[in-house]
Number of protein chains: 2
Amino acid sequence: MKKTVNIQEELQRVSVELFSTQGYAKTSVQQIVDAAGVTKGALYHYFSSKDDLLFDIYDRLLSLQREHLEEIVARGLDPLETMRLICEDVIVTSSDWIREGAVFFRSQHMLSEERQREVKRRRREYNDVFASALARGQQAGVFRTDIPAIVLTANFFANPHYLSHWYSPDGDLTRQELARQLTELYITSLRTPEVKA
Amino acid sequence: MKKTVNIQEELQRVSVELFSTQGYAKTSVQQIVDAAGVTKGALYHYFSSKDDLLFDIYDRLLSLQREHLEEIVARGLDPLETMRLICEDVIVTSSDWIREGAVFFRSQHMLSEERQREVKRRRREYNDVFASALARGQQAGVFRTDIPAIVLTANFFANPHYLSHWYSPDGDLTRQELARQLTELYITSLRTPEVKA
DNA sequence: GTGAACATACCAACTGGTCGGTTCTGAATC
DNA sequence: GATTCAGAACCGACCAGTTGGTATGTTCAC
């Protein structure tokens with residue numbers, strides 16, 4: 001009869017909570033273990049450092065997004081539908097993991113140099129897969145080519161990025177509605193504009 | 001024959017530089033004064049605290065953006081043209097002050113509670129002016145109403161927000177090109193969609 | 001009895017900030 | 001034009017508090 005199902009998971013939970021509300025730097029290890037109802041000995045048994053605890057958040061989120069992306073691409077749908085699914089998924093996922101997202105975009109520079117590079121590498125992987133999905137749509141003629149791909153890509157990532165700064169899942173707007181609406185906006189701007197006669 | 005044109009400005013300069021590259025928490029006061037070629041005495045003569053030095057960055061950026069916005073709105077142009085100008089300006093300004101922007105969106109939680117509220121208040125002011133410009137366009141029938149204004153607004157702010165994470169002024173893309181392209185994308189998604197027969 | 005899972009006490013290293021002192025500047029006074 | 005001197009500008013040694021991390025000890029399942 002364990003009360004705490006898992007101390008490790010509990011430490012992860014309170015870390016995200018504290019990091020997202022106070023920021024990584026303002027959260028002390030002591031605060032974390034107090035909130036989790038354990039002591040430093042427990043924390044340093046499961047995590048090798050405070051940095052490790054932070055990276056763990058990045059690791060989980062990056063793996064999740066990567067899996068989702070590959071699953072969607074593997075379906076082999078047409079470019080427009082693929083893009084729609086990618087976009088909706090990244091919004092839903094980002095709003096579902098909104099606390100993690102807040103930490104993600106705010107505390108990257110608090111990671112060790114090595115781990116910053118690791119995060120950067122894995123984000124680039126995601127970016128590359130997205131870029132090829134974009135290019136396929138351009139070759140098919142459904143996505144515009146009058147604007148550089150890097151700008152179209154940035155315009156895509158901007159929304160999930162900004163999410164944690166304004167969206168609250170407790171409000172009137174559900175995740176699914178939000179995802180559909182932001183996707184609609186993105187796809188609208190992305191489609192090949194009609195040439196005026 | 002002064003060598004340092006202005007010690008205060010030099011401290012502001014190196015602070016932005018260090019805060020944007022290392023983050024606020026990882027930058028010590030000692031690092032700042034070393035980089036500026038002065039001592040702590042000088043810093044604490046011009047600034048009351050490290051927090052004060054950070055807030056100063058927010059203050060300058062917020063004031064600037066506010067001025068620009070009001071100047072544009074005061075011209076009394078039609079909603080579409082007004083929106084275009086607002087959008088282009090915020091991109092140009094954000095890319096022009098990209099280091100400040102990086103600090104802005106990353107270190108807000110490092111400010112004192114009081115100053116966080118101040119920043120929040122002034123951002124809301126900007127937001128409100130923007131929202132009314134948006135509403136005017138909706139009433140005029142040029143901006144879509146099928147998507148909540150809060151989502152349209154978030155979609156607007158997402159781009160300047162994300163800018164400091166990817167854009168480099170040293171690359172091929174100039175600020176003006178970037179501004180025109182992102183504005184084109186935003187306006188495209190914002191316009192009232194044509195109803196298919 | 002052995003190793004994993006924790007608790008407790010503790011420390012070395014930094015940090016932001018202070019404070020008495022020194023130097024510089026410029027206006028007033030003679 | 002020399003002297004004075006008040007106050008701004010700045011220096012640098014110092015401190016109290018906090019931090020991440022560790023070393024040692026204890027419990028307990030198998």
Side-chain angles (χ1 to χ4, degrees), chain A residues 1-58 103 106-116, chain B residues 1-58 103 106-116:
Chain A
M1 177 164 160
K2 293 197 207 166
K3 203 160 220 168
T4 47
V5 273
N6 195 330
I7 287 191
Q8 187 173 1
E9 283 177 12
E10 183 65 11
L11 284 167
Q12 291 173 334
R13 230 185 44 79
V14 301
S15 293
V16 170
E17 184 70 26
L18 290 171
F19 290 165
S20 64
T21 52
Q22 307 180 342
Y24 177 80
K26 281 199 170 182
T27 303
S28 67
V29 172
Q30 194 58 50
Q31 269 188 296
I32 296 171
V33 296
D34 286 350
V38 293
T39 61
K40 283 191 183 181
L43 191 150
Y44 281 94
H45 177 71
Y46 291 109
F47 301 94
S48 61
S49 65
K50 192 189 176 189
D51 183 271
D52 196 39
L53 201 55
L54 176 61
F55 180 74
D56 200 60
I57 299 172
Y58 284 84
V103 177
R106 189 196 279 160
S107 303
Q108 201 165 344
H109 49 92
M110 299 305 287
L111 286 169
S112 68
E113 289 283 339
E114 190 189 338
R115 279 172 159 172
Q116 280 191 50
Chain B
M1 176 165 155
K2 293 195 204 168
K3 203 159 219 170
T4 48
V5 272
N6 194 331
I7 287 190
Q8 187 172 0
E9 284 177 12
E10 183 65 10
L11 284 168
Q12 291 174 334
R13 231 184 45 78
V14 300
S15 293
V16 170
E17 185 69 27
L18 290 171
F19 289 165
S20 65
T21 51
Q22 308 183 342
Y24 176 82
K26 280 201 171 181
T27 303
S28 68
V29 173
Q30 193 59 49
Q31 268 188 297
I32 296 171
V33 296
D34 286 350
V38 294
T39 61
K40 283 191 184 182
L43 191 150
Y44 280 93
H45 176 72
Y46 291 108
F47 301 94
S48 60
S49 65
K50 192 189 174 189
D51 183 90
D52 197 40
L53 200 56
L54 177 60
F55 180 73
D56 199 61
I57 299 171
Y58 284 84
V103 178
R106 188 197 281 161
S107 303
Q108 202 165 343
H109 50 95
M110 299 305 287
L111 286 168
S112 68
E113 289 283 339
E114 189 188 338
R115 277 169 160 174
Q116 280 191 50

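In what follows, every chain begins at residue 1, and chains take the letters A, B, ... in the order their sequences are listed.
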**Q** To the nearest 0.5 Å, what is the distance between CD1 on B:I32 and CZ on B:F19?
**A** 4.0 Å
**Q** Just how far, in rounded Å, is C1' of C:dG17 from CG of B:D52?
**A** 13 Å
**Q** Round to a whole Å and report the spacing from CG of A:L11 to C1' of D:dG20.
**A** 15 Å
**Q** Atom NZ of B:K40 and atom OG of B:S28: how far apart are they, to the nearest 0.5 Å?
**A** 7.5 Å
**Q** Let me confirm one number: the NE2-CD distance from B:H109 to B:Q116, rounded to the nearest 0.5 Å.
**A** 8.5 Å
**Q** So, taking the atom named CE in A:M110 and the one named CG in A:L54, what distance separates them when rounded to the nearest 0.5 Å?
**A** 8.5 Å
**Q** Within this structure, what is the CD-to-P distance between B:Q30 and C:dA13, rounded to whole angstrom?
**A** 18 Å
**Q** Checking only heavy atoms, does the side chain of A:K40 share a donor-acceptor pair with the base of D:dG20 at less than 3.5 Å?
**A** yes
**Q** Between atom CZ of B:F47 and atom CG of B:D56, what is the distance when rounded to the nearest 0.5 Å?
**A** 5.0 Å
**Q** Starting the side chain at C-beta, find the nucleotide from D:dG20, D:dC11, C:dC6 nearest to A:S28.
**A** D:dG20
**Q** Output the rounded distance in Å from NZ (B:K26) to P (D:dT19).
**A** 17 Å
**Q** When the distance from CG of A:L111 to P of D:dG20 is rounded to whole Å, what number comes out?
**A** 15 Å
**Q** If you measure from OG on A:S112 to CZ on A:F55, what distance do you get to the nearest 0.5 Å?
**A** 8.5 Å
**Q** Given atom CD1 of A:I32 and atom C1' of D:dT19, what is their separation to the nearest angstrom?
**A** 12 Å
**Q** Check each residue of residues 41-48 of chain B for a non-hydrogen atom within less than 4.0 Å of any atom in DNA chain D, then write out the ones that pass by number, or none.
**A** B:G41, B:A42, B:H45, B:Y46
**Q** For A:Y24 and for B:V38, locate the closest nucleotide of DNA chain D by heavy-atom distance; then report the residue assigned to the nucleotide nearer the 5' terminus.
**A** B:V38
**Q** Please tell me which of the listed nucleotides, C:dG17, D:dG21, C:dC6, lies nearest to the side chain of B:K50?
**A** C:dG17
